[in-house]
Amino acid sequence: MALLKVFGLFVFTAVVEIIGCYLPYLWLHKGHSAWLLVPAGVCLAGFAWLLTLHPEAAGRVYAAYGGIYIGVALAWLWVVDSVRPTTADIVGVVVCLLGAAIIMLGPRHA
């Protein structure tokens with residue numbers, strides 16, 4: 001159950017980070033209001049805070065989070081940008097998720 005909670009927190013963190021980066025993209029590339037920078041800043045601050053909620057060492061958390069982030073980013077590509085991931089994208093995500101699992105589930109001895 002703890003693993004599911006960590007995975008869910010990683011997914012939520014990734015969504016918050018992506019929103020924090022997507023809003024400035026909408027302003028810079030799509031001509032939307034500069035006011036989008038306010039919620040973008042809030043999201044990016046929330047993203048940084050969410051990463052602090054994990055009990056593991058920061059470097060390990062960031063490394064494992066990266067694998068989850070890649071999967072969420074490709075889901076965003078499909079759902080929000082309406083671009084279907086390629087076979088290579090899917091294989092890449094599987095490899096990244098396996099790497100994240102190895103990092104998070106591996107033995108903890110120095």
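Side chains are part of it too, since the values below use all heavy atoms of this structure and drop only hydrogens, waters and symmetry mates.
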Query raised in the report: Passes side-chain contact (heavy atoms from CB on, under 4.5 Å), I19 versus W76? Steps please.
Result: CA-CA 10 Å; I19 291 170; W76 182 278; 3.8 Å; yes
Query - Evaluation steps, side-chain contact (heavy atoms from CB on, under 4.5 Å), between F10 and V61 - result: CA-CA 9 Å; F10 275 153; V61 168; 3.9 Å; yes
Query - Residues Y22, V80; criterion side-chain contact (heavy atoms from CB on, under 4.5 Å); working and verdict - result: CA-CA 10 Å; Y22 191 71; V80 175; 3.7 Å; yes
Report task. Show your reasoning for whether side-chain contact (heavy atoms from CB on, under 4.5 Å) applies to L51 and T13. Result -> CA-CA 7 Å; L51 283 178; T13 303; 4.0 Å; yes
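Taking every heavy atom of both residues into account, G67 and A100 meet most closely at CA-CB, 4.3 Å. A63 approaches I103 most closely through the heavy-atom pair CB-CD1, 3.8 Å. Residues G20 and P24 share a closest heavy-atom pair of O-CD, 3.1 Å.
Here the CD1-CG distance, from I102 to L97, works out to 11.0 Å after rounding to the nearest 0.5 Å. To the nearest 0.5 Å, atoms CD1 (I68) and CZ (F12) are separated by 15.5 Å. Within the model, atoms CD1 of I90 and CG of L74 stand 8.5 Å from one another, a figure rounded to the nearest 0.5 Å. Of the inter-residue distances, the one linking L28 atom CG with Y25 atom OH reads 10.0 Å to the nearest 0.5 angstrom. In this structure, CG on D89 lies 7.0 Å from CG on L77, to the nearest 0.5 angstrom. We find the CG-CD distance between L44 and E17 to be 7.0 Å, quoted to the nearest 0.5 Å.
Note: the hydrophobic cluster containing V6 does not contain L98 (ILVMFWY, side chain heavy atoms under 4.5 Å, direct or indirect links). Using a 4.5 Å cut-off between side-chain heavy atoms of Ile, Leu, Val, Met, Phe, Trp and Tyr, with links allowed through other members, W27 and L23 fall into different hydrophobic clusters. Hydrophobic clustering (side-chain heavy atoms under 4.5 Å, transitive across Ile, Leu, Val, Met, Phe, Trp, Tyr) groups Y62 together with F47. Follow the hydrophobic side-chain contacts under 4.5 Å out from V42 and you never reach L26; the two are in separate clusters. With hydrophobic clusters built from ILVMFWY side chains whose heavy atoms lie under 4.5 angstrom apart, V93 shares a cluster with V83.
Residues L50 and V16 meet the side-chain proximity criterion, which asks for heavy atoms closer than 4.5 Å.
Side-chain rings of H54 and Y65 stay apart, their centers remaining 6.0 Å or farther from each other.
For S33 (side chain) and L36 (main-chain N/O), no donor-acceptor pair under 3.5 Å exists by modelled atom type.
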